[in-house]
Every structure is written in C-alpha cells, then in structure tokens.
S.K.: 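Let me begin by handing over the structure; questions about it come next.
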Amino acid sequence: TTTTTTSPTITATIKPLLRGQVAWFKPDKGYGFITPDQRSYPDIFVHHSDFIGETEDQVLVEGDVVQFKIDENEEGKPRATFVRIIAEPPQGQGQGQPKRKVIVNGSQQSISVVVTN
C-alpha cells in the first residue's frame, strides 16, 4: 500500500519495503529480475545502481532474498530500488556454490557463498 501524506508545504509518497528472491542476475551486464513474495506483482527489473548499504558493491546471485521498493523507470515500467540482500540463497537453490563478486579498492574479487543450516 502506498501512503501519500500532505502538509501545507510538503507532499510525500511513502512506498512500502517488499521482499523477494533474485530470479536471475547477469553480473557482466549489471541487471536481472526479482520475484516478489507478493505474487500480485510480476517479476521486477533490478539494476546494480539501485543497490544500497553493504549490497552496493556486490552482485546478486540467483536465490538471494532481497528487500526493495518498487519505483518506475523513465518509461513508466516497474523497477526495484533501494535493493539490499537480507539472506543468502536457501540450501539447494541455484547452481552449485554460487560466487559473489565484491568490489574491493576498485577491483572485483570473487568469494564463495556457502549455505548451511
């Protein structure tokens, strides 16, 4: 639900945070799609420029659980913004042990993501 608040000088639209899983992400292109937990939404486009916090210097891997807001791009299509990883892929999801790329001092490095219960 979107809430609009109006005061004599300020009008603000507050969008809720949503959760979902990364359906796929192409690190070389910097984009992919998120499947929201709320099935009333279609898969949502995500671009690496919309990552925040610790997620800002990372790439997403299939199955990551993320938190995000939905905004619109210049053409009015839905786009995930304020994206951050809140959990690694569930065990058994994805292909083998996914690699997460992290940018350290301007260069990309890969780390293994090990999922345990």
S.K.: Can you measure from NE2 (His47) to OG1 (Thr81) and round to the nearest 0.5 angstrom?
M.R.: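 Spacing of NE2 (His47) from OG1 (Thr81) equals 13.5 Å.
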
S.K.: Using every non-hydrogen atom in the two residues, find where Pro36 and Ile44 come nearest and quote the distance to one decimal.
M.R.: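 Minimum heavy-atom separation between Pro36 and Ile44: CG-CG1, 3.8 Å.
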
S.K.: Which residues pass the side chain to side chain contact (heavy atoms under 4.5 Å, CB included) test with Glu75, not counting sequence neighbours?
M.R.: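 Expected list: Asn73, Lys77.
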
S.K.: Is the closest side-chain heavy-atom distance between Phe68 and Arg84 below 4.5 Å?
M.R.: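 SC-SC contact between Phe68 and Arg84 ruled out.
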
S.K.: On a heavy-atom basis, which atom in Ala23 and which in Thr35 lie closest, and how many Å separate them?
M.R.: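 So the minimum-distance heavy-atom pair works out to CB-OG1, 3.6 Å.
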
S.K.: Going through the checks in order, is the side-chain contact (heavy atoms from CB on, under 4.5 Å) test met by Val66 and Val22?
M.R.: CA-CA 7 Å; Val66 293; Val22 175; 4.1 Å; yes

S.K.: What's the verdict on side-chain contact (heavy atoms from CB on, under 4.5 Å) for Leu18 and Ile70, showing C-alpha distance, side-chain angles and the deciding distance?
M.R.: CA-CA 8 Å; Leu18 303 173; Ile70 296 180; 3.4 Å; yes

S.K.: Which residues, ordered by chain and number, are linked to Phe45 in its hydrophobic cluster, where ILVMFWY side chains connect at heavy-atom gaps below 4.5 Å, directly or through other members?
M.R.: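 Trp24, Tyr31, Phe33, listed by chain and number.
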
S.K.: State, with a plain yes or no, whether a side-chain heavy atom of Asp50 is found less than 4.5 Å away from one of Arg79.
M.R.: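 Yes, at least one pair of side-chain atoms sits under 4.5 Å.
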
S.K.: List the residues meeting ring-ring contact (aromatic ring centres under 6.0 Å, His included) with Phe82, not counting sequence neighbours, and say none if there are none.
M.R.: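 Phe82: no ring-ring contact (aromatic ring centres under 6.0 Å, His included) contacts found.
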
S.K.: Is there side-chain contact between Arg19 and Val65, with heavy atoms separated by less than 4.5 Å?
M.R.: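 A side-chain contact under 4.5 Å exists here.
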
S.K.: Are Ile34 and Asp43 side-chain neighbours, meaning at least one heavy-atom pair lies under 4.5 Å?
M.R.: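 With C-beta onward as the side chain, the pair stays apart.
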
S.K.: What's the spacing between Phe51 CZ and Ile85 CD1 if we round to 0.5 Å?
M.R.: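 Here the rounded value is 7.0 Å.
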
S.K.: Do you know which two heavy atoms are closest between Gln21 and Gly63, and how far apart they sit?
M.R.: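 Taking every non-hydrogen atom into account, NE2-O, 3.7 Å.
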
S.K.: Give a yes or no on whether Leu17 and Val46 share a hydrophobic cluster (residues Ile, Leu, Val, Met, Phe, Trp, Tyr; joining criterion: side-chain heavy atoms under 4.5 Å apart).
M.R.: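 No, Leu17 does not connect to Val46 through the hydrophobic network.
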
S.K.: With sequence neighbours excluded, tell me which residues meet side chain to side chain donor-acceptor pair (under 3.5 Å) with Asp71.
M.R.: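 Partners of Asp71 under the side chain to side chain donor-acceptor pair (under 3.5 Å) test: Lys15.
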
